[in-house]
Amino acid sequence: MNPVSELKRGIWTENAVLKLGLGLCPALATSSSVENGIGMGVAATFVLICSNVVISAMRKIIPSKVRIPAFIVIIASFVTVVDLVMAGFLPDLHKALGIFIPLIVVNCIILGRAEAYASKNAVLSSAVDGIVMGIGFTVALVAIASVREILGNGSFFGINILGSGFVPMLLMILPPGAFLAIAFLLAGMNQVSAEK
Amino acid sequence: MDKTLYISSSPHVHEGGTTAKAMRDVIYALLPCVALWIYSFGIIKPSVVMALCIIGCMASEAAWEKVRGLPITIGDGSAAMTGILLALNMPPNSPWWMALLGGVAAIVIGKQVFGGLGYNPFNPALIGRTVLLISFPVQMTTWMMPRTHEITSATPLSDVKIAVGLTGNIPDEIKAQLGSVLFGGFGGQLGVVSGFALIAGGCYLIYRKVITWHIPVSFIGSAFVLSAIFWAVNSSKYPSPVFHLFTGGLMLGAFFMATDWVTTPITPKGMLIFGAGCGILTILIRLFGGYPEGVAFSILLMNSATPIIDRLTMPKKFGLVTQKG
Amino acid sequence: MIGAVLSLGGIGFLAAVILGVAAKKFAVEVDPKEEAILNALPGANCGACGYPGCSGYAKAVASGQVDPSLCTPGGKAVVEKIAEIMGVEAVVAEPMVAVVCCQGDNQKAKDKYKYIGVQDCVTAQMLAGGPKDCPGGCLGLGTCVVACPFGAIEITSQGLAVIDREKCTGCKKCVSACPRKVIKMTPKSASVHVLCNSHDKGPQVKGYCQIGCIGCQLCKRAAEEVYAVENFLAAVKYDTYDAEKARAGMEKCPTKCIRDFADGYPEGSTFKP
Amino acid sequence: MELKTFKGGLHPPDNKAWSEKKAIEVCPLAEGDELVILLSQHIGAPAEACVKKGDFVKKGQVIATPKGFVSVPIHASTSGEVISVEPRLGTAGTKVPAVVIKADGQDTWDENLSGADPDTLTAQEIKDRIRDAGIVGMGGATFPTHVKLSPPEDKKIDHLILNGVECEPYLTADHRLMLEDPDNIIGGILILKKVLGVEKAIIGIEANKPDAIELMTKACAGRGIEVGALKVQYPQGAEKQLIYALTGREVPSGGLPMDCGCVVQNVGTAAAVNDAVRRGIPLIERIATVSGSAVNEPKNLRIKIGQPLGKLVEFCGGAKGELGKIIQGGPMMGMAAVSLDVPATRGTSGVLLFSEGQVLKEPEGPCVRCGNCVRACPAFILPTEIAFKTKKGMIDEAEKLNAMDCIECGSCTYICPARIPLIQYLRQAKGAIIAKRRKV
Amino acid sequence: MTGFFIILVSSILVNNFVLARFLGLCPFMGVSKKLDTAIGMGAAVTFVMAVAAMVTWVIQYFILSKFGIEYLQTIAFILVIASLVQLVEMVIQKSSPVLYQSLGIFLPLITTNCAVLGLAVLNIQVGYSFLESVIFAIGAALGFTLAMVLMAGIRERVDLGPVPKCFQGLPIAFLTAGLMSLAFMGFAGLVKG
């Protein structure tokens, strides 16, 4: 297993958000600032890695008939852990992400990886899969969030970078801006991969 | 056979109209309003805004088509028309970059992304305006007083909205002014300064058969009826129907934006529903919504319902009626 | 802690019991073979098998009454896979490709009239029998291009339909789409074909096309086993095809209406042999 | 005068002034002229030639016999020698079976033809005479008349409608016929009324022919025939629209006029019926308008079936300027011909020559959804939606949008600012739907 | 009564689940290609949401709160919703094959529809009463359906148009959704709350 190619797979070729169209809800909802995006990305990555490991370890003892409910319960447990940890240590971020923390449970990426990868592969490679997929998700979130924060607020990671002369385009941090940003990002990705 | 002839499917004659001709008609119909608009707000600034909007539209259309290797269609006048309509929807004292940006947004995300003329589901000019309104609420609501050119953020609609929001009633001093709405004297969108020019332009379009009466009549009619009902219930809180019709962008919307061919229903019945929906939503947003003006939103909302309306109002084909006698 | 375990366990248990009972009570059978076959099929829904889409064909094969070798686009691999699922022996038919039997592009063939209208061969054919003077020639308006589910057909810069022999899967969609029946199915192994579809007599053909078959019989004389001439139109006998002999006949053709695709595609095509 | 009309449609400039004042002239036929008589000049099974090369035929003699019920015989239009029986270039631009006669210049009638008093004949005998005379709808559709006159038992017919609308621009043939030969028309109407056993007969005439309305009203007075003046609106002369305008009845979708108790006949057909029954003359001649921007002298002609279009044009002073298009029939529904060698048929109501500059060459643009086609459509369907679906090959969708109800009047295409050949897409859709239905 | 009305209007128009709250985007994008399926999906979501709102409300207040284990909310809710959806699917498949044909295919999609879980969590966060929860659920589902039906209508048209290659598929769908969301901004402030 080549870590570079794996990473490339997670970030580019099989990027969950930008290539496969998974995990869209949090990608749009929590990308109004780069900070939120990273917070969401890290939280989801954590859940992804843990659930991948546990499911991979238990893949032989879970009967295939009830595997989906079992997966969901495992994922939900980790989400609860993240929820509690964030509430305790990062109350502001927890508040900003709000309902989308519990909603990590139904993030299709996580269940998708569990079903497509972790339930068929060994623990170690499942963990790596979780890491790269999580990084891919985080990268996508940061990309969307960067566009939105820079255009919509004139800042990056909370730091004003475009100076005071810039009039922020409020639209970009509002819901329509999220849709437009991801639309153009996706189109750009398509264009780049078509030209390759 | 020495010479090959032309062969095509019947009919072999044509009425003569082209899309470009119709677009030109719309531009002609707008000219009086444009002239009045520029005149009322002091020639130079509004002219620059108008020019930049048109340039933004036409240049982005040409550039987009050039990049995609398509035939350049700015000659059909539709981009220019979008630019003019966009300008009429903006404060005459807008900053230059806003006019340009509005034009680009209108053409790129409002039209070309969908494949160009004929395929856009939303009115490009209104997309441009709404993007600007939401992005730059301050700049987009900094109006000028006609003739005096005094900078103000007040329009009759926002005055009423603020007053009602604060006190629950329209104060008498504002009420006294509302009567003069027909004759201008207020800051704000085009409707204030040239309501009559817009009506004349609209009638010209109907006469030229570019548009039909359905949408303007049902738009204005439903807005009138609904606002009249509210006014009759409580005239101290809700302004009169005449006030509603002649303020903001209602006339412009009813004659020029809601009648946009591409984004509105094709069946006459659908057009009536479309117009009525626009009128009702406009009044509801004005009276109860967060924004003082609702014409642009209501038309965009109805644009999104156009395919459904078209489907629901498909005419009953000939010969489907049950035989009488 | 105990409350948590108990209640969550309770909810889980309850849900499991309900689902378990429901699964028994509401069980609906699905043929696993059908699903396996559907997964094995290419999923192009091209209809070459004669069934409405891949799922229709999967159902038919699973019922055991239909030959598993009807999927031409899938080729040998798919047939073998299906045969394996069904537990029968695979019989793979000789792969076929479609060929546009015409080289009369807008340089070489005369037009009957100037056509204005919908760019579609079927529609143009309805108007005075199509703009080409030749009654069988390719109209080049691209109805077959639209019909091809595999993107294997292009219209050359000179207005002639050409089929890529590599991309063609033999699904016959173009054959039924063409209003002039100028596309024919041929064995993929044969690369020499008579590219003309006019049954008119020699002088008439010469009148409207520089590259049409005039029925002169020269190819037949050079290679009797490979060529036949019927109704003033030469044809390759694919049953007794032989590359060398076919080329011998091809070289004799005075109008060059016989082409070996190994030498290249007609002028203006972007396809490479 | 209150004018009746239908819903939808439009009003193209009629350009009738060029020929409406011109009296009908006989298009001459000289010795040695070739007449190409196509064996399929009607809707239905083609007739089968019963003469062979070298035979001498007389004017009015049967040269091809009908095959099947929906078919009619074909007659020689003049006397002369059959020089070949072979496929010739036909109206549709392809080669179709034809009998070619070389005129002997004598124009000798077949002596076996004889007329009869319709009052002494039964309905069936009249119908037989009509069929034997080869009479078909003269409006251009060329549906065999005897079939139209034989509705099934369960269809009660109470209206005979005569189509004198001539809503196609340029054409004035029916107009002139009504002005010059009203008695022949009325005679035919009376025969048709007797065959159908109906009390009520209405002649529909568009208001742009006031002289014809006046004349026909006067001539019909007291003979149980009404004249209905109609608004000038295209396609007023389409069967279903005409019935609606005159009676307020709608022909059911997918049905025929007889399904609402009506039979529609062209005025020209009525005249031909009169000739056939009373005088025994088969359908070998008809009135046609030769007009258009590329004709020197537009005229109304009495032509012989089988005369090449070129002869007709020649008699009208020939073509002028650069010829771009030849149209058989009217400009709205007529078919473009590939050459002037194409012979006139029983359905040739007009020959229009358009100059090069008049040919519509604008490329098809994107639909801007102006809705003009929807408002113009007399069948109340959505032409542009159907065209759009057809373009994408979505034939089932097109069928759901009632593509089959299109009457191909061409109004949508005439009015379309994007110059989309809507009607061609509709024909494509209809063809595909029919093919699909056959397959199922 | 006005309270219910406000909840309804707010959840359908102002805070539309899809266009303003970004909930349920996956099925929104996936199922809005055709109008008929969009309507079917809308009906299925409405039904499931209403039932889920009721069940989760009961669980929250009669089990989780009783035992003081609110932190298990996520696990309990998702468990219940997943089972519920599967149960509904099985029942429909057996009892009405016709309904299953038109509706059933959407049911598995609903399990991972964050709108359902989001709704359940929101109900508890806002502290709605049982009846309010149900009203909110119905409003949210209607809003979801409305957005999806409008979207499907537009997409049926847009997808047939000459959309630039790189925008085909998801990008143009997002762009359309963005413009719809833009239009729905007009409802902002329509009701306070």
Side-chain angles (χ1 to χ4, degrees), chain B residues 64-65 67-70 105 108-124 126-135 137 161 165 262-263 281-282 284-312, chain E residues 2 5-6 9-10 12-16 18-20 32-36 38-39 42 145-193:
Chain B
W64 181 280
E65 284 168 340
V67 168
R68 284 195 64 209
L70 298 172
V108 173
I109 65 173
K111 182 171 153 195
Q112 286 297 344
V113 155
F114 293 97
L117 181 67
Y119 299 98
N120 49 314
F122 297 95
N123 187 320
L126 287 176
I127 290 290
R129 174 200 139 89
T130 312
V131 164
L132 294 181
L133 176 68
I134 294 177
S135 297
K161 183 134 235 160
V262 179
T263 57
L281 285 173
T282 300
L284 289 181
I285 292 174
R286 279 184 180 180
L287 293 181
F288 304 107
Y291 289 96
E293 172 59 314
V295 172
F297 288 116
S298 66
I299 295 175
L300 287 179
L301 284 166
M302 291 312 287
N303 281 164
S304 69
T306 294
I308 309 284
I309 296 176
D310 262 339
R311 190 183 269 233
L312 293 179
Chain E
T2 33
F5 182 72
I6 285 176
V9 172
S10 152
I12 296 177
L13 300 178
V14 185
N15 293 314
N16 187 289
V18 182
L19 299 175
S32 62
K33 285 187 191 114
K34 279 194 83 84
L35 194 55
D36 302 337
I39 293 169
T145 311
L146 174 72
M148 204 157 63
V149 167
L150 292 179
M151 179 76 173
I154 299 176
R155 271 184 94 175
E156 277 191 5
R157 248 181 72 192
V158 166
D159 285 353
L160 293 178
V163 175
K165 191 122 192 125
C166 63
F167 271 96
Q168 274 167 20
L170 267 187
I172 198 71
F174 270 115
L175 211 121
T176 312
L179 298 185
M180 275 174 68
S181 163
L182 194 67
F184 268 70
M185 291 287 288
F187 290 122
L190 199 58
V191 287
K192 322 278 179 284

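Order of the sequence lines fixes the chain letters, A, B, ..., with proteins taken first and strands second; residue numbering starts at 1 for each chain.
- The contact between Glu156(E) and chain B is made entirely by side chain atoms (from C-beta outward), counting heavy-atom distances below 4.5 Å.
- Proximity to chain E (any heavy atom under 4.5 Å) is shown, for Asp310(B), by neither the backbone nor the side chain.
- Annotation: side chain of Phe122(B) is in contact with side chain of Ile154(E) (closest heavy-atom distance under 4.5 Å).
- Each of Ala188(E), Ala183(E), Gly161(E) has some count of heavy-atom pairs under 4.5 Å with chain B, and the biggest count is that of Ala183(E).
- Contact annotation for Val149(E): both backbone and side-chain heavy atoms come within less than 4.5 Å of a heavy atom of chain B.
- When all heavy atoms are compared, the tightest approach of Thr306(B) to Arg157(E) is CG2-NH1, 4.2 Å.
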**Message:** What verdict does the side-chain contact (heavy atoms from CB on, under 4.5 Å) test give for Phe114(B) and Ile172(E), after you've listed the backbone C-alpha separation in whole Å, the side-chain angles of each residue and the deciding distance to 0.1 Å?
**Reply:** CA-CA 7 Å; Phe114(B) 293 97; Ile172(E) 198 71; 3.7 Å; yes
**Prompt:** Under the side-chain contact (heavy atoms from CB on, under 4.5 Å) criterion, do Val131(B) and Leu182(E) qualify, and how do the steps go?
**Reply:** CA-CA 8 Å; Val131(B) 164; Leu182(E) 194 67; 3.8 Å; yes
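- Only the side chain of Ile134(B) comes within contact range of chain E, judged by heavy atoms closer than 4.5 Å.
- Closest of all the heavy-atom pairs between Pro162(E) and Arg68(B) is O-NH1, 3.9 Å.
- For the atom pair CG (Asn123(B)) and CG (Leu179(E)), the distance works out to 11.5 Å, reported to the nearest 0.5 Å.
- Among all heavy-atom pairs drawn from Trp64(B) and Pro164(E), the shortest one is CZ2-CG, 3.8 Å.
- Heavy atoms of Leu35(E) lying under 4.5 Å from chain B belong exclusively to its side chain.
- Of all heavy-atom pairs between Pro307(B) and Gly153(E), the closest is CB-O, 3.3 Å.
- Of the two parts of Leu284(B), only the backbone, made up of N, CA, C and O, holds a non-hydrogen atom closer than 4.5 Å to a non-hydrogen atom of chain E.
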**side-chain contact (heavy atoms from CB on, under 4.5 Å) assessment of Leu281(B) paired with Phe187(E)** = CA-CA 9 Å; Leu281(B) 285 173; Phe187(E) 290 122; 4.0 Å; yes
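- Between Leu146(E) atom CG and Ile308(B) atom CD1 the span is 9.0 Å, to the nearest 0.5 Å.
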